[in-house]
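Notes for the one structure printed next.
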Amino acid sequence: MKRKRITLLAGHYGSGKTNIAVNYALMLKRELNQSPGYSSVSIADLDIVNPYFRTKDSACELEAAGIRLICSEYAGSNVDIPALPQDIYAISDDKSMMAVIDIGGDDRGALALGRYAPAILEENDYEMLLVINAYRPLTRDVDSTVEVIREIENAGGIKFTSIVNNSNLGEETTAQTVLDSLEYAASIADAVGLPIKMTSVREELYGELKDKIENLFPLKLQEKIK
Amino acid sequence: MTDKVLMKGNEALAEAAIMAGCRHYFGYPITPQTEVAAYLAKRMPKIGGTFLQAESEIAAINMVYGVAAAGLRVLTSSSSPGIALKSEGLSYLAGADLPAVIINVQRGGPGLGGIQPSQSDYFQATKAGGHGDFRMIVLAPNSVQEMADLTVKAFDLADQYRMTAMILADGTMGQMMEPVSLNYGEPKKIEKPWAVTGTKCLRKHNVVNSLFLVPDELEQFNFARYERYKQIEENEVMYEEYMMDDAEICIVAFGIAARVSKNAISEARKQGIKVGMIRPITLWPFPKAPMLKAADKVKEFICVEMSMGQMIEDVELAVRCKKPVTLCNRVGGMIPSPEQVLASIVEASKKGE
């Protein structure tokens, strides 16, 4: 299936969006030859909520991979202001570029997307991925997760097209932790009528789970730069 | 499926406050503790509680005073500069013997400082919360689990001793995510016959106030309060001893600095250096007794803290200058690395050789 030009990632804060965005962009770049018509990959940080855990933490790795990082010059600095990057328009201007857009947590984070939603909807070559984690307290059950989904969609102006199950318990995550979350992910998918695009796990668990879960996506975890 | 959830420290303490029976929160946003407010803004309306973003930190602490006077469990949270703004209210709470829980997720200072973690409000929390003679119970978590557990403990202690209890966390504790298990059972119910809840013409009215113009009366209130403080010093000291059995060097550290120190201790032990740690969990009351006891065994104390050297004064007092106490620190939002702590340990181990 042809990959969409723009991949948007949103979800409850702390669900793992930024890690997935960075890994997804790296994968798109590695497999760029499978996406004819595209010559480059960029990643844009639209987070106006969280000053700490940012795409910019992976700046060196992204740069080394030849991925353009579009982020506010204040991201990851001590300047705690909700600034948006000025060169974000490059995404809609350059149609030869694939883009991954990392949106801030919850509806407040998604507000920033509203500014760019009309252009994205008009071009209509995007995927809007919902990142879920069964082990986050405010999205543990179907009802509360659906509430967060609707809030993000209303704030951002773009509806989700599929789900990424990123259920984890941080360092205590085991294969069983992930397996136990499949039912939750399926029930969310069922409740909102969206497919599960992939299940993401940290790379150490990939081998153990790859025959047990469809569309498993290995994650190399971001390291905070000192 | 496990009962564990993955939470930020700020969220975990907010949920723990709810589990402790707190239904009133007043605050004003400031990084790095804003998730406390964001979380409670979502949760409180669903459980019949009150979340209110006040117009300022000063307004928030005075709202805390009001709810505390009515005998209900109440919470406010802020970060360093915001706590400074609350200090008048903290003194009034003390003067009126009101229980409340205050969260300080510290950032680097002084002034507006920065948004990275710090421990430089140690003096403010343990010695100078506001004007006048008073103390606050100060609890220092070093994990997301402890952020939650100590918040529940703080509510119980505050009610039991009719005083403010502070969680002295830092930006790392607030922001880091770890799996936690939150099971506390029914909140402890402590009778508050002094609360202003309306007399219904059945009793003499209660007064909650901190104004006492007759000096010998005010003196008596101070004496009574310090009698209570003495009980707390006797009964409520909490600390963790780590590898102290054979230790010749003793690290003293709390919060994130204690976690870094544990890594350094493992490394030093691999090199054959006998080093352990006393981690104060209550910063007031300060665990003086275990440190004095350790002073007879170890040759040196190393105080690891993210300030220019604040807790070190309490360590020196606790060990009565029997042994040298050296400082290993970073400030301004920087965290000491395990390598830096290890270097201090190695240096201490070489002295007197």
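For the numbers below, each heavy atom of this structure counts, side chains included, while hydrogens, waters and symmetry mates do not. First the proteins, then the strands, lettered A, B, ... as listed; each starts at 1.
- With B:Leu6 as the partner, the side-chain contact (heavy atoms from CB on, under 4.5 Å) test is satisfied by one option alone out of A:Thr173, A:Asn168, A:Thr177: A:Asn168.
- Around atom OH of B:Tyr28, no more than 12 heavy atoms belonging to other residues, nucleotides or ligands sit under 6.0 Å away.
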Exercise for the section: Evaluate the side chain to side chain contact (heavy atoms under 4.5 Å, CB included) criterion for residues B:Met7 and A:Tyr135: first the C-alpha distance (whole Å), next the side-chain angles of each, then the deciding distance (0.1 Å), finally the verdict. Expected result: CA-CA 8 Å; B:Met7 294 183 95; A:Tyr135 300 96; over 6 Å; no
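- Each of B:Glu15, B:Glu178, B:Lys8 has some count of heavy-atom pairs under 4.5 Å with chain A, and the biggest count is that of B:Lys8.
- Interface residues of residues 41-56 of chain B toward chain A, defined by a heavy-atom distance below 4.5 Å and sorted by number: B:Lys42, B:Arg43, B:Lys46.
- Both the backbone and the side chain of A:Leu169 come within less than 4.5 Å of a heavy atom in chain B.
- For residues 141-150 of chain B, every residue pair satisfying the salt bridge (charged side-chain N to carboxylate O under 4.0 Å, His left out) rule, not counting sequence neighbours, is listed here: B:Glu146-B:Arg279.
- For A:Glu183, no part lies near chain B; criterion is any non-hydrogen pair under 4.5 Å.
- Counted within 6.0 Å of CD on B:Glu347, heavy atoms from surrounding residues, nucleotides or ligands total 12 or fewer; the atom is thus considered open.
- Around atom CZ of A:Arg202, more than 12 heavy atoms belonging to other residues, nucleotides or ligands sit under 6.0 Å away.
- A pairwise comparison of heavy atoms in A:Glu172 and B:Pro179 identifies CD-CG, 3.4 Å as the closest pair.
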Handout entry: side chain to side chain contact (heavy atoms under 4.5 Å, CB included) evaluation trace for A:Arg136 with B:Glu11
Key = CA-CA 10 Å; A:Arg136 291 284 288 147; B:Glu11 298 173 323; 2.6 Å; yes
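- Under a cut-off of 6.0 angstrom, the local environment of CE in A:Met27 is crowded, with over 12 non-hydrogen atoms contributed by other residues, nucleotides or ligands.
- Per-residue counts of heavy-atom pairs under 4.5 Å with chain B were compared for A:Gln176, A:Glu147, A:Glu171; the largest is that of A:Glu147.
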